[in-house]
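Notes follow once the structure below has been shown.
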Number of protein chains: 2
Amino acid sequence: MNDRSNRDCLPLKALDDRALGHVAEYFRALSEPLRLKILNALRDEARNVGELTELLNCSQANVSKHLATLTRYGFVERTAQGTSAYYKIADPRVYQLCDLVCGQMAQHFASQAQMLGATAPTARARR
Amino acid sequence: MNDRSNRDCLPLKALDDRALGHVAEYFRALSEPLRLKILNALRDEARNVGELTELLNCSQANVSKHLATLTRYGFVERTAQGTSAYYKIADPRVYQLCDLVCGQMAQHFASQAQMLGATAPTARARR
DNA sequence: TGCACCAATCGCCATATAGCGATAGAGTAA
DNA sequence: TTACTCTATCGCTATATGGCGATTGGTGCA
């Protein structure tokens with residue numbers, strides 16, 4: 001890996017194939033609703049697996065699996081405490097990502113709505 | 001803060017399940033290396049499918065399919081020109097997303113390396 | 001020790017999708 | 001028209017992964 005250079009940010013443009021694959025994996029880690037829910041639930045406070053299982057209304061096995069994914073990519077941190085495992089947000093900047101996406105989505109939907117309103121009494125075209 | 005203060009950006013915290021699913025889809029659209037390559041190739045200029053196929057060294061069918069995905073989520077725009085279809089970036093802010101991810105990844109790797117360096121004389125693990 | 005609880009992992013199934021070759025369809029030039 | 005080019009789509013296979021129930025492993029308590 002010839003990855004010296006800037007400490008905190010290589011622009012996407014300069015990424016080689018391997019690094020680009022890592023970026024893709026990073027996005028993939030955020031591409032599951034349940035994982036986003038977990039991040040949401042951890043926004044203000046650390047929680048253990050049982051609490052998350054109850055909050056998210058799904059199986060404990062699933063929560064554990066998704067927490068493992070989030071941990072692997074550095075989104076959350078694990079702290080053992082008795083027989084429990086508490087997870088907390090490791091890097092709050094992940095919310096910047098999500099909020100940025102929300103903003104772009106909102107604008108995308110708005111422009112789509114505008115386009116539909118402007119051009120189409122016969123909607124459905126524009127494929 | 002349950003108010004929607006900002007017009008164009010609902011914070012992730014306030015999203016209901018459906019919207020959260022959309023955010024996840026958005027991230028998923030960016031979770032394929034080939035799609036990121038396409039966005040990279042379109043960073044400075046519009047290109048048609050044939051050009052992209054050659055640049056990315058993969059099948060034309062794949063390029064078309066991925067372009068359809070990127071179009072569906074509003075990342076690129078299609079312009080027919082003769083028998084060709086030219087694609088260009090629709091919202092340059094997607095690069096903000098990618099660069100943000102790159103920065104977070106870099107920091108993540110750095111802290112991992114530091115952790116390994118502190119605890120492990122056997123380097124090479126790096127991941 | 002034995003029991004109770006919690007979390008992580010295993011095996012399995014169902015689904016989604018990236019990739020491929022082949023083909024259809026639209027546009028252009030002869 | 002016919003022939004050619006370019007793109008989009010179809011059918012298919014292989015792979016990845018989310019979800020589930022069951023199990024294992026670890027910790028604390030009686």
Side-chain angles (χ1 to χ4, degrees), chain A residues 17-18 20-42 46-73 75-88 90 124-127, chain B residues 17-18 20-42 45-73 75-88:
Chain A
D17 283 4
R18 175 197 304 239
L20 200 135
H22 286 157
V23 175
E25 284 182 15
Y26 214 80
F27 279 123
R28 186 170 296 267
L30 295 174
S31 72
E32 271 302 309
L34 191 50
R35 285 198 284 270
L36 295 180
K37 279 191 191 181
I38 290 176
L39 293 177
N40 234 355
L42 297 179
R47 294 184 190 275
N48 62 36
V49 178
E51 290 169 355
L52 289 171
T53 298
E54 189 176 4
L55 269 173
L56 306 179
N57 197 31
C58 66
S59 77
Q60 176 264 319
N62 255 337
V63 172
S64 271
K65 195 190 290 189
H66 285 306
L67 283 169
T69 300
L70 291 172
T71 304
R72 182 166 65 250
Y73 289 98
F75 294 112
V76 301
E77 278 177 10
R78 180 184 188 275
T79 306
Q81 187 169 325
T83 67
S84 293
Y86 279 81
Y87 287 85
K88 66 168 187 175
R124 73 190 297 266
R126 206 38 175 199
R127 195 196 325 211
Chain B
D17 283 5
R18 175 196 303 242
L20 200 135
H22 286 157
V23 175
E25 285 182 14
Y26 214 80
F27 279 124
R28 186 169 296 270
L30 294 175
S31 72
E32 271 302 310
L34 191 51
R35 286 198 283 270
L36 295 180
K37 278 191 193 181
I38 290 175
L39 292 177
N40 233 356
L42 297 179
E45 48 184 329
R47 296 184 189 274
N48 63 36
V49 179
E51 290 168 354
L52 288 172
T53 299
E54 188 175 5
L55 268 173
L56 307 180
N57 197 30
C58 66
S59 77
Q60 176 265 319
N62 254 336
V63 172
S64 271
K65 196 190 291 189
H66 286 305
L67 283 168
T69 300
L70 290 172
T71 304
R72 182 165 65 250
Y73 289 97
F75 294 112
V76 302
E77 277 177 10
R78 179 185 190 275
T79 307
Q81 189 169 322
T83 66
S84 293
Y86 279 81
Y87 287 86
K88 67 168 184 176

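Please read all numbers here as calculations on a predicted model, not as lab measurements. In the text below, chain A, chain B and the rest are named by the order of the sequence lines, each starting its count at 1.
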Legend entry - Protein-nucleotide distance (B:Glu32, atom CD; D:dA16, atom C1'), rounded to Å: 11 Å

Legend entry - A:Tyr87 vs C:dA8: side-chain N/O to OP1/OP2 distance below 4.0 Å: yes

Legend entry - Among C:dA18, D:dG19, D:dT7, the one nearest A:Asn62 by side-chain distance: D:dG19

Inset, instruction - For A:Glu51 and C:dC6, give me the distance from atom CD to atom P, rounded to whole Å. - result: 11 Å

Inset, instruction - Determine the minimum heavy-atom distance between A:Val63 and A:Ile38, stating which atoms define it. - result: O-CD1, 4.4 Å

Legend entry - Atom-pair distance (CD1 on A:Ile38; P on D:dG19), nearest Å: 10 Å

Inset, instruction - Please report, rounded to the nearest Å, how far the C1' atom of C:dA7 is from the CD atom of A:Glu54. - result: 16 Å

Legend entry - Of A:Arg28 and A:Leu67, the one whose closest DNA chain C nucleotide lies more 5': A:Leu67

Legend entry - Closest listed nucleotide, where the reference is the side chain of A:Ser84 and the choices are C:dC6, D:dT7, D:dG18: C:dC6

Legend entry - Separation of atom CG in A:Leu30 from atom C1' in D:dT17, rounded to whole Å: 16 Å

Legend entry - Salt-bridge criterion met for B:Lys37 and B:Glu32 (N-O under 4.0 Å): no

Legend entry - Aromatic ring proximity A:Phe27/A:Tyr73, centre distance under 6.0 Å: no

Inset, instruction - Could you tell me whether a side-chain N or O of A:Glu51 sits under 3.5 Å from a main-chain N or O of A:Asn48, the two making a donor and an acceptor? - result: yes

Inset, instruction - Tell me which of A:Thr69 and A:Gly82 sits closer to the 5' end of DNA chain D, going by the nucleotide each one is nearest to. - result: A:Thr69

Legend entry - Under 3.5 Å donor-acceptor pair, A:Gln60 side-chain atoms to C:dA8 base atoms: yes

Inset, instruction - Would you tell me if any nitrogen or oxygen in the side chain of A:Arg78 comes within less than 4.0 Å of OP1 or OP2 on C:dA7? - result: no

Inset, instruction - Look at the side chain of A:Ala85 and decide which nucleotide, out of D:dA8, C:dA8, C:dC20, has an atom nearest to it. - result: C:dA8

Legend entry - B:Lys65 NZ to D:dG11 C1', straight-line distance once rounded to whole Å: 10 Å

Legend entry - Whole angstrom value for the distance that separates P of D:dA8 from CD of B:Gln81: 14 Å

Inset, instruction - Consider the side chain of A:Ser64, meaning its heavy atoms from C-beta on, and name the nucleotide among C:dA8, C:dC20, D:dG19 that approaches it most closely. - result: C:dA8

Legend entry - Presence of A:His66 side-chain N/O under 4.0 Å of D:dT17 phosphate oxygens OP1/OP2: no

Inset, instruction - Report the distance from atom OH of A:Tyr86 to atom P of C:dC6, rounded to the nearest whole Å. - result: 10 Å

Legend entry - Under 4.0 angstrom between B:Thr83 side-chain N/O and C:dT28 OP1 or OP2: no

Legend entry - Donor-acceptor under 3.5 Å (B:Arg47 side chain, B:Ala41 main chain): yes

